[in-house]
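Order of the sequence lines sets the chain letters (A, B, ...), proteins ahead of strands, with each chain counted from 1. Scope of the values below: all heavy atoms of this structure, side chains included, with no hydrogens, waters or symmetry mates.
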Amino acid sequence: MPSAKLMQGNEACTIGALVAGLEFFAGYPITPSTEIAELCSEELPKVGGKFVQMEDEIGSIAAIIGASLTGKKAMTATSGPGFSLMQESLGYASETEVPVVIINVQRMGPSTGMPTSPAQGDVMQARWGTHGDHPVIVLAPGNVKECFDLTVRAFNLAERYRVPVVVLTDEVIGHMREKVVLPDWKDVEVEDRARPAAPGGYRPYEADPDGGVPLMAPFGEGYRWHVTGLFHDETGFPSGKAEVADRLLRRLDRKVSKNEPVIRDYVTESTEDCEILVVSFGSSAMSALSAVRRARREGVKAGMLRLKTIWPFPEEVVRELSKSAKAVLVPEMNLGQLAYEVERTVGCHAPVVRIGKVNGDLFRPDEIHDKIMEAAK
Amino acid sequence: MSDILKYFRQDRLPHIWCPGCGHGTVTGALVRAIARLKLDKNKVCVVSGIGCSSRAPGYLDFDTLHTAHGRALAFATGIKLARPDLKVIVMTGDGDCTAIGGNHFIHAARRNIDITTIVMNNNIYGMTSGQYSPMTPKGFLGTTAPYGNVERTFDLCKLAEAAGATYVARGTAYHAQMLVDLCEQALTHRGFSVVEALTQCPTYFGRKNKVGGAVELLEWIKDRTVNSKAAAVLPPEKTAGKLLIGELYKNPQPEFCDEYDKVIAQVQRKFDGFRGGVRGCEQNSD
Ligand SMILES: Cc1ncc(C[n+]2csc(CCOP(=O)(O)OP(=O)(O)O)c2C)c(N)n1
């Protein structure tokens, strides 16, 4: 039975995770993400799941990778300083293809920054924070309901492609309360990783070199396989061979890049004839949308593109929508991170205007509206 | 012999360790203990960090996880908590365990999670070719201690005990039989068990410190240790400055996963079986 409830973004993320089949949470308290850990500690044992508060975020992500290797769906939640500490094993999960979900409720950085203020400064870190080329998927909810939807989706994508998936929210999305109508749990589509049928002849990393996803056996079921963060061949054992490394890294990358059209997720409004295209995400997009609507009412052909999947970056969509634009505006609570990608994609077709806000305050719609009017002149 | 060979991935041999390295002796002792206990290969999971010692699981025929430097115990905590029925063993080096992994080590001990940790202490960072570690004795040389190490070492066993480990033992590659016994005791102990295994690194520690090759290093290990039972009756001057070997601490305490299961038993509700069903939320958010 669909039910309406007043809830917080962090709560919606947790419920989404539980509906997606979360069985294991490891985390370390940090504002503004802590409610997720608190709720998991309360709810998981009720469904026979496990919660553990680790000694730090390094341990938290390590523990969820361990749990995921036993076949359980596992997640952690954190914010900037903790997300920085997780980078090491985020790379490990990419290299070893262990599905995990990381919720990063962004706050102002760098460093301890402003713990209770929203920001969107982790866009690039979420993509490139760990060393080496690596696949990662990053989703960005724009309201409380989407915290639920995209956390479910994060689990589904993690299971399908065997990659770490980051749900990138922020302090406002995480703490904001909205009335949310959640679907009947039974109507929610939930995916599970593909498993081998039986241990005989299991080659843990055998897959189509063009972005194939290998079958994943759970630990403790007789497969007796080896997992390592070293470059490895199809058997899972380390290999120093150049062609093995090349094949693996390209396959890992292709898992995501090849499937970008499927992973892609965005919302548009008034983009059919738009001359001023506003590209945004998360809580900035709420203010941006209100600015776009006002500009429209005032006769300016403004349009809005809100990204729900940030990485892989939907180049084709941005290129297409910006074709007829006189200007592309990118409001975000950082000094221009998503804007880098937009600039790269739009090229010389239209000027890209960075609208960065880094004082810990949310955009006011009129700040963005002013920029739209300026660009429309 | 054949009963221990079945626990090895023989097709992965030869191993990467240098001639004379003690890591093989320690690995052999662990596997002999596993064979004695006739553990089911399918229900053992061996986890390691990074280092020469941490390569051991790759040669063992279990589910094996070679993680990041220092993190083995954190990964192992996830595995054990998710699958308490598995026998989880961590193989780690002195640097991996006490330097970069020190925090995970004391917290795993504090939780008393049922994991057996075998620390291969060769008093040096082997894999990165001989830098000093938190277990390099004062005055000894390393490539980053060219004038002699000025830092003090941990007493790893006392550290483990103080942090909450409920079984602590120290053995050596010289006393190979005793090491098998200690591993066996650790494996049968329910709770966090630690075996510090003193082992030799002839390539870096022995050569740099001019102690000699494998044989001389084993003699050196023998000379700096004394059996804890013998020590109890020896005059203090005979034991001064020596490391005790044998079972050093045993104090069974409630185990972490068992305690968590008690919480589950208290709060778990009946659900309709559908995993998305009524699990989780509405009915649970009271
Ligand atoms: C984060 C990180 N820092 C440093 C290293 C480099 N490194 C690899 S092994 C090692 C030391 C291993 O020493 P120890 O744990 O004593 O094991 P041994 O090789 O002596 O068996 C270091 C520093 C690394 N792999 N990762």
Side-chain angles (χ1 to χ4, degrees), chain A residues 3 5 11 14-15 17-24 26 39 42-43 45-52 54-56 58-72 74 88-89 91-92 182 185-186 188 190 199 217-230 237-238, chain B residues 9 12 41-45 47 50 55 57-58 60-83 85-86 88 103-104 106-108 110-111 256-257 260-261 263-269 271 274-285:
Chain A
S3 56
K5 244 191 118 175
E11 204 180 341
T14 312
I15 296 175
L18 287 162
V19 170
L22 179 73
E23 288 170 284
F24 190 96
L39 253 181
E42 192 177 336
E43 296 302 318
K46 293 183 189 169
V47 294
K50 305 286 172 78
F51 168 91
V52 58
M54 292 299 286
E55 47 276 13
D56 56 29
I58 301 171
S60 303
I61 183 165
I64 65 168
I65 295 171
S68 181
L69 278 162
T70 72
K72 313 267 190 214
E88 175 187 62
S89 287
Y92 187 87
L182 293 183
W185 315 134
K186 291 183 182 149
V188 176
V190 167
F219 272 11
E221 300 296 337
Y223 290 85
R224 301 199 305 273
W225 58 300
H226 185 62
V227 181
T228 177
L230 288 166
F237 291 102
Chain B
R9 289 173 174 142
R12 298 305 309 165
K41 287 210 290 194
N42 294 331
K43 299 294 168 201
V44 173
C45 178
V47 186
I50 296 290
R55 289 298 190 98
L60 304 180
D61 195 16
F62 308 108
D63 283 317
T64 51
L65 182 63
H66 179 226
T67 71
H69 195 23
R71 313 295 170 222
L73 276 163
F75 282 81
T77 297
I79 294 172
K80 181 69 191 182
L81 192 54
R83 281 289 303 267
D85 60 311
L86 300 182
V88 179
N103 202 29
H104 307 305
I106 58 175
H107 286 276
R110 176 181 59 78
R111 290 187 188 100
F256 175 59
C257 300
Y260 197 90
D261 280 346
V263 172
I264 292 182
Q266 267 173 35
V267 300
Q268 197 166 16
R269 312 271 178 88
F271 295 100
F274 173 67
R275 28 175 291 161
V278 290
R279 70 168 302 201
C281 320
E282 192 97 81
Q283 282 81 349
N284 275 342
S285 51

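Using a 4.5 Å cut-off between heavy atoms, B/Lys41 contacts chain A through both its backbone and its side chain. With a 4.5 Å cut-off on non-hydrogen atoms, B/Asp261 touches chain A through its side chain but not through its backbone. Proximity to chain B (any heavy atom under 4.5 Å) is restricted, for A/Leu69, to the side chain, taken from C-beta onward. With a 4.5 angstrom heavy-atom cutoff, B/Tyr260 touches chain A only via side-chain atoms.
In terms of heavy-atom pairs under 4.5 angstrom with chain A, the leader among B/Thr67, B/Val263, B/Asp61 is B/Asp61. The residue among A/Asp56, A/Ile61, A/Ile65, A/Thr70 with the most heavy atom pairs within less than 4.5 Å of chain B is A/Thr70. With respect to chain A, the highest number of heavy-atom pairs below 4.5 Å among B/Thr77, B/Asn103, B/Leu86 belongs to B/Asn103. The most heavy-atom pairs under 4.5 Å with chain A, out of B/His104, B/Lys43, B/His107, B/Gln266, come from B/His104. Per-residue heavy-atom pair counts under 4.5 Å with chain B were compared for A/Ile58, A/Leu39, A/Ile64, and the maximum is reached by A/Ile58. Interface check for chain A: of the options B/Ala68, B/Ala76, B/Ala265, the most heavy-atom pairs under 4.5 Å are formed by B/Ala68.
Taking 4.5 Å as the limit, some side-chain heavy atom of A/Lys50 sits within range of a side-chain heavy atom of B/Ile264.
Here the CZ atom belonging to B/Arg71 is positioned 4.5 Å from the CD atom belonging to A/Glu88, to the nearest 0.5 angstrom. Here the CZ atom belonging to A/Phe24 is positioned 10.0 Å from the CD1 atom belonging to B/Ile79, to the nearest 0.5 angstrom.
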With salt bridge (charged side-chain N to carboxylate O under 4.0 Å, His left out) as the criterion, how do A/Glu55 and B/Arg110 come out once you've worked through the C-alpha distance, each side chain's angles and the decisive distance to 0.1 Å? CA-CA 11 Å; A/Glu55 47 276 13; B/Arg110 176 181 59 78; 5.2 Å; no
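B/Arg83 approaches A/Gly220 most closely through the heavy-atom pair NH2-O, 3.3 Å. Across all non-hydrogen atoms, the minimal contact from B/Arg12 to A/Pro238 is NH2-O, 4.1 Å. Between B/His66 and A/Tyr92, the shortest heavy-atom distance links the atoms O-OH, 2.7 Å. The heavy-atom pair separating B/Ala82 from A/Lys72 by the smallest distance is O-CE, 3.2 Å. Taking every heavy atom of both residues into account, B/Ala74 and A/Gly59 meet most closely at CB-CA, 3.6 Å. Of all the heavy atoms in B/Phe256 and A/Val52, the pair that sits closest is CZ-CG2, 3.8 Å.
At least one donor-acceptor pair closer than 3.5 Å links the side chain of B/Asp63 to the backbone N or O of A/Trp225.
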